[in-house]
Amino acid sequence: MSFNSKTQIGVTTTVLLLPTPAPYKLYLDDLRTPRSSGWVVVRSFEEFVATIKRLGVPEEISFDHDLGWDEVLNCERKSGYDCAKWLVEQELLVPRFNVHSANPVGAANIRGLLGNYARFREDGADR
C-alpha cells in the first residue's frame with residue numbers, strides 16, 4: 001500500500017492507493033480441471049461470486065453449465081448460466097470467455113447472454 005498526499009488552498013488530502021488486482025483467469029467446473037496452468041478453479045456459484053468479489057473481474061472465464069447436485073437440498077446447484085446472469089446483474093463485463101460445457105443448450109444460453117451483454121455495452125459506449 002502507498003499513500004499520495006496533495007495540498008490545495010491550505011488543505012492536505014491523503015489518499016490510500018490500493019494495488020491494482022493482478023490479472024487472472026477463472027475456470028468454473030464442478031468436476032473437471034483445466035488442461036493448462038494459470039487458472040483459478042472454482043466449483044460452485046458461491047465460489048464464483050466470492051472469487052470475483054475478492055480478486056476483481058478476471059481477464060477470462062471458462063464456463064461449465066451443469067454444476068452438480070446438492071445432496072442436502074436435493075436439487076440441482078446453481079449453474080454456469082446463473083454465474084453469467086450474476087455478472088450481467090452486477091454490470092461486469094468479462095473481456096474473454098469460453099464455454100466448455102457438455103450441455104449444448106446450457107452452453108448456448110451462456111454464450112447468448114454474455115455475447116448479447118457485450119454488444120449492449122459496446123452500443124452504449126458509442127453514445
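For the numbers below, each heavy atom of this structure counts, side chains included, while hydrogens, waters and symmetry mates do not.
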Rounded to the nearest 0.5 Å, how far does [atom2] of [Y] lie from [atom1] of [X]?
X	Y	atom1	atom2	value
Trp39	Glu60	CH2	CD	3.5 Å
Glu76	Trp69	CD	CH2	6.0 Å
Asp66	Lys78	CG	NZ	15.5 Å
Tyr27	Ile61	OH	CD1	13.5 Å
Asp64	Ile110	CG	CD1	7.5 Å
Arg111	Asn98	CZ	CG	8.0 Å

State which residues pass salt bridge (Lys or Arg N to Asp or Glu O under 4.0 Å) with Asp29; sequence neighbours excluded, sorted by chain then number.
-> Arg32
Between the main-chain N or O of Ser79 and the side-chain N or O of Asp82, is there a donor-acceptor pair closer than 3.5 Å?
->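 Looks like yes, one N/O pair under 3.5 Å.
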Show the atom names and distances, to 0.1 Å, of all donor-acceptor pairs under 3.5 Å that link a side chain in residues 83-97 to residues at least two apart or in another chain.
none

Any side-chain hydrogen bond (donor to acceptor under 3.5 Å, both in side chains) involving residues 47-57? Give me the pairs, sequence neighbours left out, ordered by first then second residue.
->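 Output for this query is empty, none listed.
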His65/Tyr81 under side chain to side chain contact (heavy atoms under 4.5 Å, CB included): CA gap, chis, key distance, verdict | CA-CA 6 Å; His65 181 272; Tyr81 184 73; 3.8 Å; yes
So, do Pro58 and Ile52 sit near enough that their side-chain heavy atoms are less than 4.5 Å apart?
->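 Yes, at least one pair of side-chain atoms sits under 4.5 Å.
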Joint hydrophobic cluster, Phe63 plus Val41, side-chain heavy atoms closer than 4.5 Å |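 Per the 4.5 Å side-chain linkage, Phe63 and Val41 are not co-clustered.
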